[in-house]
Asks: 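To start, I am sharing the structure in question, which I have written as structure tokens.
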Number of protein chains: 2
Amino acid sequence: MNSSIEQKTRVGVLNDYLSVDCVIFGFDFNQLNVLLVDRVMVDELTGKELFNDLTLTGNHIYEDEDLDEAAARVLFDLTGLQDIYLEQFKTFGAPDRIKRENDRAWLAANGRDPDKRIVTVGYYSLLATDKVTLEWKGRNVRWTPVAGVRDLAFDHMDIFQEALVALRKKLLREPIGFELLPEKFTLSQLQRLYEVILGVELDKRNFRKKVARMKYLVPLDEKQKGVAHKPARLYNFDRDLYELNRKELLDFAI
Amino acid sequence: MNSSIEQKTRVGVLNDYLSVDCVIFGFDFNQLNVLLVDRVMVDELTGKELFNDLTLTGNHIYEDEDLDEAAARVLFDLTGLQDIYLEQFKTFGAPDRIKRENDRAWLAANGRDPDKRIVTVGYYSLLATDKVTLEWKGRNVRWTPVAGVRDLAFDHMDIFQEALVALRKKLLREPIGFELLPEKFTLSQLQRLYEVILGVELDKRNFRKKVARMKYLVPLDEKQKGVAHKPARLYNFDRDLYELNRKELLDFAI
DNA sequence: TTTAATAGTGTAAAAATTACACTAAGATTT
DNA sequence: AAATCTTAGTGTAATTTTTACACTATTAAA
């Protein structure tokens, strides 16, 4: 859920057996991407690069911090953004979660016991890619299309895939697509969003017929600018109208 | 997911900051119920009863135990049952999760520090009420209709309500209703199940028309026995047929 | 002015949903 | 053995939703 908690400077104690990891999804009007962070390990003596791979972002939680707060903080620390959609989707706690040699070496080098189980609470967050300034605080982060994600550190591949499954399920039932778009968007952008996340092709006319029934998707008196073709009408999602008109979806399948 | 892990006798160390709690749902062909456990606290000196309320079942996890295993163990310890449907739905970790006086006293009396945050991973499980022998191991447990649940210990009311929301959402999209029924069931029983869990009334003819399209719901050459009215045909859910025929539900709403 | 690119629109057939009321079969009661 | 009670089981017509499908409109760029 959206956090409207001001980020405060924390002075407390980090809990060293409990963390949050955050799968940050971003839509760029074309693909669904995930924000990954470089992890480079260098031999302390020789200075030689031992490995260089990618991780999700995450951190241990402070003793006085709620789980949702910790996720919002982790997201803020990486992107500088607040009040971003965040959803807890699954907790990972296999005793052997971290077993690969690289990961154990990394933990050891960072003062942690690689044999100690760390339970991590998985969150995903949704935003439009252009909200993120990739140079924030100098960490090396990059957007990667979800179809091209491989070989993440720790069990982050697993966490990432579960996040994607959870996102797809949620998108089928709840109006969260808008979290991945700017305030004003075109119907083609919205259609593309559903297509790339659900992995389907949708018919343009049928898509428009369907959304035309949703009165909380309101057409604005405004058009796209700066495109080299017929500019499309802009829409926005009216959450209040949605909450008023939502008929609880109760047609079950199966 | 179903656990097919044999319950072994654990000798390890309990992790004292991490627990699982299990919301055990049971359907009795009439209502959705939840299995609750009596919690009685007695003054050690006077022998006077200090309070007497209800809790979900839960326990801390062993250091060598996966989260799903811990949930299955907790369920087994209360009911003696294995291979029961279990679903992780949310993790609860507010620093002030446990703040009521009764709960703090209870923790203190049981050798725990009431000020230490315990993070608990919530699971729900689904079964037909008559699978449970309420006298198992002499713990005082009872089925309570979900509409009548109040005043649970700790933050169990919160956990229970979130479990119910998660169950409802899942029931709309996935074939989990059958986990609450015996192997063979009637269509009226199935209809009642959807009605009481989703809180709606369904038209009998339309319900039957709808399920008739689901080929994995197979009519048996067998009828209900021992009822004082026209006995209904029995059906069963063929999971293999379901997996084969499932067209990924991709009609999004919203 | 031409070209390239995407926006935007309608219709007919099929499928799904909705609202609605009576007969059938068995156990129980009289 | 007849009557009664209780739940099982069934069809149809109207409405809504879904599906498949192709052309014109508008803007910027060449």
Side-chain angles (χ1 to χ4, degrees), chain A residues 27-31 172-173 181-182 184-196 198 200-236 245-254, chain B residues 27-31 172-173 181-182 184-196 198 200-236 245-254:
Chain A
F27 182 61
D28 59 8
F29 298 135
N30 182 37
Q31 285 301 318
L172 288 169
R173 283 273 154 185
L181 291 166
K184 301 169 182 180
F185 50 86
T186 73
L187 293 187
S188 292
Q189 291 166 348
L190 186 63
Q191 180 179 339
R192 175 79 189 164
L193 187 156
Y194 278 92
E195 287 180 332
V196 301
L198 301 179
V200 294
E201 247 184 62
L202 301 172
D203 178 87
K204 190 202 269 202
R205 280 181 286 195
N206 294 340
F207 180 82
R208 281 161 191 256
K209 210 179 306 171
K210 185 158 178 164
V211 301
R213 263 180 265 127
M214 306 171 179
K215 294 304 160 57
Y216 39 84
L217 211 53
V218 305
L220 305 176
D221 274 333
E222 205 174 334
K223 300 205 158 175
Q224 228 180 355
K225 287 221 169 70
V227 287
H229 53 75
K230 175 172 175 178
R233 177 180 293 279
L234 295 174
Y235 286 73
N236 89 125
N245 291 26
R246 82 184 298 174
K247 38 184 173 212
E248 274 311 328
L249 300 171
L250 44 73
D251 30 307
F252 59 96
I254 295 125
Chain B
F27 182 62
D28 58 8
F29 299 135
N30 182 36
Q31 284 302 317
L172 288 170
R173 284 271 154 185
L181 291 166
K184 302 169 182 179
F185 50 85
T186 73
L187 293 188
S188 293
Q189 291 166 348
L190 185 64
Q191 180 180 341
R192 175 81 189 161
L193 187 156
Y194 279 91
E195 288 180 332
V196 301
L198 300 180
V200 294
E201 246 185 61
L202 301 172
D203 178 88
K204 189 203 270 202
R205 279 181 287 193
N206 294 340
F207 181 83
R208 281 161 191 254
K209 209 179 306 171
K210 184 158 181 166
V211 302
R213 266 179 264 127
M214 307 172 181
K215 295 304 159 56
Y216 39 84
L217 211 53
V218 305
L220 304 174
D221 275 333
E222 205 174 332
K223 301 203 160 179
Q224 228 179 355
K225 290 223 168 67
V227 287
H229 54 76
K230 177 173 176 180
R233 178 179 293 277
L234 296 174
Y235 286 73
N236 88 126
N245 291 25
R246 82 185 298 175
K247 39 181 174 212
E248 275 309 328
L249 301 171
L250 45 73
D251 29 305
F252 59 95
I254 291 126

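In what follows, chains are A, B, ... by sequence order, proteins preceding strands, each numbered from 1.
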Asks: Counting only N and O atoms by type, is there a donor-acceptor contact under 3.5 Å from the side chain of A:Lys204 to the main-chain atoms of A:Gln191?
Replies: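 No; zero donor-acceptor contacts below 3.5 Å.
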
Asks: Would you say a side-chain N or O of A:Arg205 is under 4.0 Å from OP1 or OP2 of C:dA12?
Replies: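 Indeed not, no polar side-chain atom of A:Arg205 lies that close.
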
Asks: Side chains of B:Phe29 and B:Pro182: closer than 4.5 Å at any heavy-atom pair?
Replies: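 In short, these two side chains touch, coming nearer than 4.5 Å.
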
Asks: To the nearest angstrom, how far is B:Asp203 atom CG from D:dT12 atom C1'?
Replies: 13 Å

Asks: Say whether, by atom type as modelled, one donor and one acceptor occur between the side chain of B:Gln224 and the main chain of B:Ala232 under 3.5 angstrom.
Replies: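 Looks like yes, one N/O pair under 3.5 Å.
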
Asks: With distance as the sole test, does B:Gln31 use its side chain to make a donor-acceptor pair with the main-chain N or O of B:Val196 at under 3.5 Å?
Replies: no

Asks: Could you tell me the separation between the CD atom of B:Glu195 and the P atom of D:dT7, rounded to a whole number of Å?
Replies: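 B:Glu195 atom CD is separated from D:dT7 atom P by 14 Å.
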
Asks: Measure from CZ on A:Arg208 to C1' on D:dA20 and round the result to the nearest Å.
Replies: 17 Å

Asks: On DNA chain C, does the nearest nucleotide to A:Thr186 precede the nearest nucleotide to B:Pro231 from the 5' side, or the other way round? Give the residue.
Replies: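 Final value for this comparison: A:Thr186.
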
Asks: So if I take every side-chain heavy atom of B:Lys230 and compare against D:dT7, C:dC20, C:dT17, which nucleotide ends up nearest?
Replies: D:dT7

Asks: Expressed in angstrom and rounded to an integer, what is the separation of A:His229 atom NE2 from D:dA30 atom P?
Replies: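 For the pair A:His229 NE2 and D:dA30 P, the rounded distance is 14 Å.
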
Asks: Using whole Å, report how far CG of A:Asn206 lies from C1' of C:dA13.
Replies: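 Going from CG in A:Asn206 over to C1' in C:dA13 covers 13 Å.
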
Asks: Starting at atom NZ of A:Lys209, determine the distance to atom P of D:dA22, rounded to an integer number of angstrom.
Replies: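 One finds 14 Å between P of D:dA22 and NZ of A:Lys209, rounded.
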
Asks: Considering just the side-chain nitrogens and oxygens of A:Arg213, establish if one lies under 4.0 Å of OP1 or OP2 belonging to D:dT18.
Replies: yes

Asks: Remember a base hit wins even if backbone is also touched, and classify A:Arg233 as base, sugar-phosphate or nothing at under 4.0 Å, heavy atoms.
Replies: sugar-phosphate

Asks: Would you tell me if any nitrogen or oxygen in the side chain of B:Ser188 comes within less than 4.0 Å of OP1 or OP2 on D:dT7?
Replies: no

Asks: Say whether, by atom type as modelled, one donor and one acceptor occur between the side chain of B:Arg173 and the main chain of A:Ala253 under 3.5 angstrom.
Replies: no

Asks: What nucleotide, of D:dA8, D:dC21, C:dA7, holds the atom closest to the side chain of B:Lys204?
Replies: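 In terms of side-chain proximity for B:Lys204, the closest of D:dA8, D:dC21, C:dA7 is D:dA8.
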
Asks: Between A:Phe252 (CZ) and C:dA16 (P), how many Å, whole number?
Replies: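 That distance rounds to 14 Å.
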
Asks: In whole angstrom, what separates B:Lys210's NZ from D:dG9's P?
Replies: 20 Å

Asks: Closest approach to the side chain of B:Ala232, judged atom by atom: which nucleotide of D:dT18, D:dG9, D:dT27 is it?
Replies: D:dG9

